[in-house]
Protein chains: 2
Amino acid sequence: MSTNIQITPPTTTAAASQTNWQSVHDEVLHRIHTRQWKPGDLIPKEVELAEQLGCARATVNRALRELANEGFLDRRRKAGTRVASHPVRRAKLDIPVIRLEIEGRGQKYAYGLLYSERRTPPPEICTNLAVTPDSDMFHITSLHLADGKPYMFEERWVSVAATPTIAEADLSKISANEWLVLHAPYTKGDISFSAVLASETEAKILCTHKDAPLFLMERTTWNGDHGITSARLLFAPGYRMHSAI
Amino acid sequence: MSTNIQITPPTTTAAASQTNWQSVHDEVLHRIHTRQWKPGDLIPKEVELAEQLGCARATVNRALRELANEGFLDRRRKAGTRVASHPVRRAKLDIPVIRLEIEGRGQKYAYGLLYSERRTPPPEICTNLAVTPDSDMFHITSLHLADGKPYMFEERWVSVAATPTIAEADLSKISANEWLVLHAPYTKGDISFSAVLASETEAKILCTHKDAPLFLMERTTWNGDHGITSARLLFAPGYRMHSAI
DNA sequence: AACGATAATATGTACGTACATAATAACTCT
DNA sequence: AGAGTTATTATGTACGTACATATTATCGTT
């Protein structure tokens with residue numbers, strides 16, 4: 001089986017591109033972009049590509065696996081690899097702790113606890129987190145500010161059963177969000193985004209007017225079957241969430 | 001031929017799990033979740049973990065690499081691997097072709113071209129896509145419907161230079177969005193989300209009232225240094241975008 | 001003490017081999 | 001022909017070895 005002639009001692013030479021998985025990745029992507037391989041097309045099998053490009057199958061495998069993750073390829077055993085026919089674009093949303101998001105833009109972060117009470121949850125939270133109506137929970141509302149201006153208004157329910165130590169946390173110093181990130185790991189969660197109108201109260205808190213358009217992020221997190229927290233994050237008018245594709 | 005003699009899990013736990021990268025992944029995640037390894041902690045090096053878990057370093061490497069991608073670990077050569085101290089949650093947003101999104105929910109999709117003109121772009125599009133004011137472009141607005149009800153209103157500029165064949169596309173049959181996905185691959189793009197109020201016209205088109213809160217998605221895509229298209233997608237009230245974490 | 005060169009080291013990658021798995025294709029039996 | 005079984009095949013994974021690379025740690029030299 002004919003070695004591909006691996007060229008030379010790979011040392012030293014600033015050889016343009018040795019055949020690494022990244023270059024295979026780029027080459028395949030290039031062929032897709034230039035439409036040599038069109039959506040739906042079956043591309044050569046790993047062994048063939050490896051031979052063509054002069055590298056090991058493992059290397060091709062790595063490259064194609066990444067491309068499949070990124071949504072450019074569809075791969076199935078035995079059936080082979082084809083260019084995704086409906087290129088689902090996969091945007092990666094990094095959702096940082098709000099403090100870091102603000103500080104990352106060079107603004108000054110501040111945080112204020114508005115309200116905190118230990119009480120039983122309302123019905124919609126029960127269904128949301130799958131807890132009983134007599135559960136021991138914290139209800140917390142707080143405001144996050146950037147450069148002194150209201151940035152995000154947070155309303156949150158936290159299950160004490162799921163995170164017993166929260167009773168000891170000083171939530172006037174650290175935001176519930178941030179505390180939870182550090183102390184209450186979760187196994188799954190979901191997040192949704194929508195647009196809503198500001199209520200009278202919300203408007204007052206965010207220093208805007210009633211019926212202003214607000215960006216709303218709703219998050220629920222779980223640890224196994226245990227609902228941990230459910231949060232409603234309302235961003236001040238003008239907020240934009242963005243991401244590269 | 002030849003039955004491979006499955007070498008059954010010899011020692012270790014009766015756990016049905018063989019040591020594959022997935023199980024290493026889960027085990028590490030478990031240790032993070034149970035706070036055996038806390039945010040900021042340095043975890044054992046790959047060779048040690050491999051020994052502990054009875055597998056090859058490559059297997060551990062694969063598992064840890066995935067965990068780093070998911071944002072749970074920070075890895076640096078020589079410095080080792082530590083639990084991410086500010087767990088950035090990485091939500092994967094799949095942004096499908098709108099038709100598939102609607103059909104995927106079992107609703108009936110319909111599409112109407114409202115307006116299409118070949119003309120030069122306004123200033124904000126020029127800066128947006130880095131094209132000259134005398135560029136040859138298409139300006140297209142259209143409406144996407146789910147079960148006969150307005151779902152999303154699309155306003156889009158497409159550079160003819162970047163996608164010559166669009167002149168031949170029948171945009172009353174296929175949406176510009178979908179046509180572009182199939183015929184104009186891009187190398188990079190960005191996307192942003194915000195909340196806005198419906199203008200008079202927008203309200204009429206989306207069958208809602210003026211000043212209704214609308215979810216706005218703005219997308220720009222590029223092929224290399226070539227701006228391809230810039231779109232403004234306005235979703236009817238009630239729209240929610242969601243994602244798992 | 002400051003600085004620069006050098007060694008040490010954990011992760012990153014490449015490769016070849018071997019086997020596992022899923023899905024299809026081919027075949028057999030009724 | 002239809003149903004069930006077996007063979008085939010492309011991807012998926014595991015492993016050991018070897019080497020690359022980015023940092024950090026160490027050691028001299030000034």
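Being a predicted model, the structure only gives us computed values, none of them experimental. Note that these values count all heavy atoms, side chains included, but never hydrogens, waters or copies made by symmetry.
Under the ring-ring contact (aromatic ring centres under 6.0 Å, His included) criterion, A:Tyr239 pairs with A:Tyr151, A:Phe215, A:Phe235, not counting sequence neighbours.
The nearest heavy atom of DNA chain C to B:Thr81 and to A:Lys78 marks one nucleotide each, and the one closer to the 5' end goes with B:Thr81. Residue-to-nucleotide proximity on DNA chain C shows that, of A:Ala79 and A:Ala58, the 5′-proximal contact is made by A:Ala58. Sequence order on DNA chain D of the closest nucleotides to B:Trp21 and A:Glu46 puts A:Glu46 first from the 5' end.
Here the nucleotide nearest the side chain of B:Ala56, chosen from D:dT13, C:dT13, D:dC15, is D:dC15. Which of C:dA22, D:dA18, D:dT21 sits closest to the side chain of B:Arg57 comes down to D:dA18. Considering only side-chain atoms of A:Arg77, the nucleotide from C:dC15, D:dA22, D:dT11 that sits closest is D:dT11. Picking from C:dT13, D:dA10, C:dT11 the nucleotide with the shortest atom distance to the side chain of B:Lys45 gives C:dT11.
The pair A:Lys108-A:Asp147 does not meet the salt-bridge criterion, since no charged nitrogen lies less than 4.0 angstrom from a carboxylate oxygen.
Looking at A:Glu101 and A:His144, their side chains never bring a donor and an acceptor atom within 3.5 Å of each other.
Put simply, CZ on B:Arg62 is 13 Å from P on D:dC15, counting in whole angstrom units. Remark: C1' of C:dG12 and CG of B:Leu73 are 15 Å apart, rounded to the nearest angstrom. Regarding B:Leu53, its CG atom lies at a distance of 15 Å from the C1' atom of D:dC15, rounded to whole Å. With rounding to whole Å, B:Arg65 atom CZ is found 20 Å from C:dA10 atom P. When the P atom of D:dT13 is taken as reference, atom CD of B:Glu66 falls 9 Å away, rounded to whole Å. The nearest whole Å value for the distance from the CG atom in B:Asn61 to the P atom in C:dC15 is 16 Å.
Under 4.0 angstrom from either OP1 or OP2 of D:dA10 there lies no side-chain N or O belonging to A:Arg75. When the side-chain nitrogen and oxygen atoms of A:Arg76 are compared with OP1 and OP2 of C:dT24, one or more of them lie within a distance under 4.0 Å.
Dense packing is recorded around CD of B:Glu103, with more than 12 heavy atoms of other residues, nucleotides or ligands lying under 6.0 Å away.
Exactly one of B:Thr221, B:Asn177, B:Asn223, B:Ile140 qualifies for a side-chain contact (heavy atoms from CB on, under 4.5 Å) with B:Thr229. That residue is B:Thr221.
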